[in-house]
Asks: 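Structure in structure tokens, see below.
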Protein chains: 2
Amino acid sequence: MAVSHQLKEALDTLKETGVRITPQRHAILEYLINSMSHPTADDIYKALEGKFPNMSVATVYNNLRVFREVGLVKELTYGDSSSRFDFITTHHYHVICEKCGKIVDFHYPGLDEVEQLASHVTGFKVSHHRMEIYGTCPDCAIKEAH
Amino acid sequence: MAVSHQLKEALDTLKETGVRITPQRHAILEYLINSMSHPTADDIYKALEGKFPNMSVATVYNNLRVFREVGLVKELTYGDSSSRFDFITTHHYHVICEKCGKIVDFHYPGLDEVEQLASHVTGFKVSHHRMEIYGTCPDCAIKEAH
DNA sequence: TATTACTTTATAATGTTTATAATTAGTGTA
DNA sequence: TACACTAATTATAAACATTATAAAGTAATA
């Protein structure tokens, strides 16, 4: 299936970049790909506690940083205390529920004109942008109605 | 001038909302409006050290939260460790230099279509969105060239 | 196998932000 | 203006996420 294919591709990327594939890295990647959510470092740590009772939180953070540097993972910083991590697939944005924190992927063509205008007005050499959309998810909207 | 007018308006907002106007609050607001940068809580704390030698960091944080709740101030969370705070004027985005961290305001009409599409696709009741543009500022680009 | 470099672990340290309790100071009313 | 009430400030400690460090372990290479 598609998921294991993504994992294999990710492992290939690590190999090509000369990053060792350790059991911990394998498990973290696997969890990131399988979980359709956008977990925090602590989520990952807790989820893998069973498989790796001795794993250190530092290992999770270290490897998330490695994955980010290699371009496999994106770090999302919202208002709340901890970062969330997202396995990069295709270009998409996130829609975030302000009530329950749920994050839903939202595909949309890149906002190239915005980048171009920004570059023109500010003189910056623009590399990329980020955008998030906030609102209330259907579940919470229903709960609110009662 | 326009700045003191903004301050007066902000103080009026506080009055209307029943938020007491203390010297500390006055000073924090004034600093936020005058500083064309986007300071962290600690920046503000340090900047007002001279005027208020006994002010607590907690006061800065508390009041930034109050201002945010009242709608005077926006909290910006980027990848780095601490939040930045921005006095709300008109609707604009930020262009951020990845080398030196400089933040430049960038005016652009709201991305209404994006919100509408997101709402349609995900079923969310959308309230707002955020977007930042990343790149290299002219100063850093020159430094890099050498 | 020996060497080397990289990873993990355990732990401590850092830095930001929040909570608590006691003191102080604004604000509305007499 | 003075009083009483309530909110805000201060000082401090605590919580929390994240990073740094050093020692031990593991994989890769010759």
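Lettering follows sequence order; numbering is per chain, from 1.
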Asks: How close or far is atom C1' of D:dT9 from atom NE2 of B:H26, stated in whole angstroms?
Replies: 18 Å
Asks: Would you call the rings of B:Y78 and B:Y134 parallel, tilted or perpendicular, where under 30° means parallel and over 60° means perpendicular?
Replies: perpendicular
Asks: Any carboxylate oxygen within less than 4.0 angstrom of a Lys/Arg side-chain nitrogen, looking at B:D12 and B:K8?
Replies: no
Asks: In residues 9-25 of chain A, what residues come within less than 4.0 Å of DNA chain C, judged by heavy atoms?
Replies: A:R20, A:T22, A:Q24, A:R25
Asks: For the pair B:K74 and B:R130, evaluate side chain to side chain contact (heavy atoms under 4.5 Å, CB included) and give the outcome as yes or no after the intermediate values.
Replies: CA-CA 11 Å; B:K74 193 160 61 168; B:R130 60 174 277 184; over 6 Å; no
Asks: List in numerical order all residues of residues 42-61 of chain B for which some heavy atom is under 4.0 Å away from an atom belonging to DNA chain C.
Replies: B:A58, B:Y61
Asks: Counting only side-chain nitrogens and oxygens, does A:N62 get under 4.0 Å of the OP1 or OP2 atom of D:dT18?
Replies: no
Asks: Please determine, by modelled atom types, if B:T40 and B:D43 share a side-chain donor-acceptor pair under 3.5 angstrom.
Replies: yes
Asks: Using the side chain to side chain contact (heavy atoms under 4.5 Å, CB included) rule, pick out the option among B:I88, B:D86, B:L64, B:L72 that qualifies with B:L32.
Replies: B:L64
Asks: OP1 or OP2 of D:dT18 less than 4.0 angstrom from a side-chain nitrogen or oxygen of A:S83, does that happen here?
Replies: yes
Asks: Just how far, in rounded Å, is P of D:dA17 from CZ of A:R65?
Replies: 18 Å
Asks: In whole Å, what is the span from the CG atom of B:L64 to the C1' atom of C:dT17?
Replies: 12 Å
Asks: Decide side chain to side chain contact (heavy atoms under 4.5 Å, CB included) for B:T122 and A:I133; before the verdict, give the C-alpha distance in whole Å, the side-chain angles of both, and the deciding distance to 0.1 Å.
Replies: CA-CA 11 Å; B:T122 64; A:I133 295 160; over 6 Å; no
Asks: Would you name the heavy atoms of A:F85 and A:E75 that are closest together and state the gap between them?
Replies: CE2-CG, 3.7 Å
Asks: With a 6.0 Å cut-off (strictly less than), is the heavy-atom count around NZ of A:K99, excluding the residue itself, greater than 12?
Replies: yes
Asks: Note the angle between the end axes of the helix from C:dT1-D:dA30 to C:dA30-D:dT1, five pairs defining each, rounded to 10 degrees.
Replies: 30°
Asks: Charged N to carboxylate O under 4.0 angstrom, A:K46 versus A:D42?
Replies: yes
Asks: Figure out the CD/P separation between A:E69 and C:dT7, and round it to whole Å.
Replies: 11 Å
Asks: How is A:T40 classified with respect to the nucleic acid when contacts are heavy atoms under 4.0 Å: base, sugar-phosphate, or nothing?
Replies: nothing
Asks: Using modelled atom types and a 3.5 Å cut-off, is there a donor and acceptor pairing between side-chain atoms of A:R25 and backbone atoms of A:R20?
Replies: yes
Asks: Specify the closest pair of heavy atoms between B:G135 and A:F124, including all atoms of both residues, with the distance to one decimal.
Replies: C-CD2, 4.0 Å
